[in-house]
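The chains referred to below are lettered A, B, ... by the order of the sequence lines, with proteins before strands, and numbering in each begins at 1. Please read these numbers as outputs of a predicted model, since none were measured by experiment.
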Protein chains: 2
Amino acid sequence: MATPVESAPTKQRILDSTAAQFMRHGYTGTGLKQIVAAANAPFGSLYHHFPGGKQALGVEVIHRSGAMYGDLVMSVFDAAPDLLTGVHDCFEGAAAVLVATDYADACPIETVALEVASSNEPLRVATAEVFESWIVSASARFRAAGLDDSTARELAIAFISLLEGAFILCRASRTTEALEAAGRTAAVVVEAALRDAGVS
Amino acid sequence: MATPVESAPTKQRILDSTAAQFMRHGYTGTGLKQIVAAANAPFGSLYHHFPGGKQALGVEVIHRSGAMYGDLVMSVFDAAPDLLTGVHDCFEGAAAVLVATDYADACPIETVALEVASSNEPLRVATAEVFESWIVSASARFRAAGLDDSTARELAIAFISLLEGAFILCRASRTTEALEAAGRTAAVVVEAALRDAGVS
DNA sequence: GGGCGACTAGATAGATCGCTCTAGCGGTAA
DNA sequence: TTACCGCTAGAGCGATCTATCTAGTCGCCC
């Protein structure tokens with residue numbers, strides 16, 4: 001995803017290149033020239049595939065990257081033997097990716113989300129839709145473990161907040177301390193909720 | 001802080017104006033022309049007071065806004081009768097500010113922190129210094145409540161991560177649900193830590 | 001083979017970017 | 001008064017931004 005594949009179709013290379021740049025430099029910090037250069041695509045192709053310009057490209061990248069990242073996290077839960085291990089693995093895996101990419105690849109949309117929240121309504125809505133879909137997906141996992149609806153949703157929001165917040169601290173400090181602390185905290189909270197529900 | 005005072009010195013008006021714009025539009029999204037326009041200052045004054053240009057201005061704004069916000073949060077803890085109430089009040093107060101400012105004023109540096117983490121080393125270092133100072137301040141509060149050093153630091157990081165992460169979700173969705181959920185989660189974690197330490 | 005649509009390719013427009021430059025104002029000290 | 005200095009004031013530079021425009025290339029179907 002980060003490195004565009006030479007053989008892939010132009011439109012996909014542009015999407016991949018844009019997603020990679022959004023993570024590192026945000027929306028306003030990413031120029032269309034850089035996007036096509038990194039994608040090895042001609043400038044004209046960008047406006048052929050995305051007649052709506054930068055904003056339309058942004059909306060599509062947010063939805064696409066958001067769905068991919070959501071699937072990635074859910075696959076970590078799938079691979080784990082139980083919910084608590086899954087929560088732990090998410091934070092550990094995120095820390096590993098962060099270190100492997102020199103603290104560049106965290107959440108694919110959080111930087112853009114903050115940038116556009118007060119200045120670009122279509123993009124703000126796109127990020128909101130992605131976050132809501134993540135909350136719904138995570139809630140389903142918590143419900144499947146035996147928690148009631150409102151507790152599951154609250155835990156899902158706390159889980160995502162801890163992850164996103166820890167990403168900020170980790171990328172700023174260039175350490176994984178925050179993800180480790182947030183991961184342990186998330187585990188504590190989930191464990192407590194399971195105990196309260198009499199499931200564990 | 002958000003609205004520059006007409007009578008304040010030019011340099012301070014520029015700093016205030018910049019801080020306000022950074023929250024809403026981020027670092028790259030904020031132009032120097034907009035800054036001086038909003039500050040009612042001549043363009044030349046900007047480079048008189050900040051010979052280092054936009055980057056130097058950014059570093060000073062990050063440190064200044066970071067210190068002010070840290071003091072604000074600490075004053076909430078001071079006003080609360082106990083630690084648990086203080087934690088709760090922080091999230092509730094943050095939600096109130098968010099609603100009052102049409103979901104614009106959250107953390108003054110998180111947007112900038114994500115934008116510059118992989119592209120501007122001096123600014124990245126500045127944000128890291130601010131976050132570390134917050135962690136140290138919050139840790140002191142938790143230690144004062146009877147928790148040991150490592151637990152206090154871990155709780156401080158979790159507290160800040162929950163707050164920053166919830167800000168992202170709230171600004172994207174234009175609701176306060178995430179801050180409410182994160183606030184309850186933070187309270188649960190702190191309460192559990194106090195119980196484990198036999199303090200509560 | 002001829003025509004057509006999808007796509008490539010890049011020059012270019014108009015606006016805005018960060019930044020530099022010179023000129024001038026107003027208060028203070030010699 | 002004259003010289004100086006902190007600061008105001010804004011014109012203007014080269015670069016870069018998003019977006020548009022025309023021209024050319026490719027494969028596919030009739």
Side-chain angles (χ1 to χ4, degrees), chain A residues 4-22 24-62 111-112 115-116 118-124 126, chain B residues 4-22 24-62 111-112 115-116 118-124 126:
Chain A
V5 181
E6 267 71 18
S7 62
T10 302
K11 182 171 182 178
Q12 189 181 311
R13 290 207 316 278
I14 291 175
L15 286 168
D16 291 342
S17 157
T18 306
Q21 305 249 9
F22 276 6
R24 291 165 174 74
H25 309 116
Y27 181 74
T28 52
T30 300
L32 298 182
K33 290 250 161 69
Q34 310 168 27
I35 289 174
V36 295
N40 258 92
F43 191 82
S45 300
L46 197 156
Y47 275 86
H48 170 77
H49 293 293
F50 303 95
K54 191 183 187 182
Q55 182 170 290
L57 172 61
V59 167
E60 192 154 334
V61 166
I62 287 168
T111 307
V112 176
E115 274 182 292
V116 303
S118 300
S119 56
N120 191 320
E121 190 62 10
L123 288 184
R124 192 222 104 216
Chain B
V5 180
E6 267 71 19
S7 62
T10 301
K11 181 172 182 178
Q12 190 182 311
R13 288 207 315 278
I14 291 175
L15 286 168
D16 291 342
S17 158
T18 306
Q21 306 249 10
F22 276 6
R24 290 163 175 74
H25 309 117
Y27 181 73
T28 52
T30 300
L32 297 183
K33 292 248 162 70
Q34 311 168 27
I35 289 175
V36 295
N40 258 95
F43 193 82
S45 299
L46 197 156
Y47 275 86
H48 170 77
H49 292 293
F50 305 95
K54 191 183 188 183
Q55 181 169 289
L57 172 60
V59 168
E60 193 154 332
V61 165
I62 288 167
T111 307
V112 176
E115 274 183 291
V116 302
S118 300
S119 56
N120 190 318
E121 190 63 8
L123 287 184
R124 192 222 103 218

Distance check needed: C:dA9 P versus A:Leu46 CG, whole Å only. 14 Å
Quick one: pull up OG1 in B:Thr18 and CG in B:Leu46 and give me the separation to the nearest 0.5 Å. 6.5 Å
Does C:dC7 have its OP1 or OP2 closer than 4.0 Å to a side-chain nitrogen or oxygen of A:Ser45? no
A:Ser45: which residues meet the side-chain hydrogen bond (donor to acceptor under 3.5 Å, both in side chains) condition with it, sequence neighbours left out? none
How many angstroms lie between atom CG of A:Asp16 and atom CD1 of A:Ile35, to the nearest 0.5 angstrom? 12.0 Å
Quick check on side chain to side chain contact (heavy atoms under 4.5 Å, CB included): which of A:Leu123, A:Ile62, A:Thr111 does A:Tyr27 satisfy it with? A:Leu123
To the nearest 0.5 Å, what is the distance between NZ on A:Lys54 and CG on A:Leu32? 6.0 Å
Side chain to side chain contact (heavy atoms under 4.5 Å, CB included) involving B:Glu121 - partner list, sequence neighbours excluded: B:Arg124, B:Val125
Counting only N and O atoms by type, is there a donor-acceptor contact under 3.5 Å from the side chain of B:Glu60 to the main-chain atoms of B:Leu15? no
Where protein sits on nucleotides 18-23 of chain C, one letter per nucleotide: B base, S sugar-phosphate only, - none, heavy atoms under 4.0 Å: BBB---
Taking any atom under 4.0 angstrom from a heavy atom of chain A, which nucleotides of DNA chain D are the first and last to qualify, 5' to 3'? D:dC17 to D:dT20
Measure across A:Ala41 and A:Ile14 and return the closest heavy-atom pair with its distance rounded to 0.1 Å. CB-CG1, 4.0 Å
List every contact pair, protein side and nucleotides 3-5 of chain C side both N or O, where the distance is under 3.5 Å.
none

Mind checking what makes side chain to side chain contact (heavy atoms under 4.5 Å, CB included) contact with A:Gln21, not counting sequence neighbours? A:Ser17, A:His25, A:Thr30, A:Gln34, A:Ala38
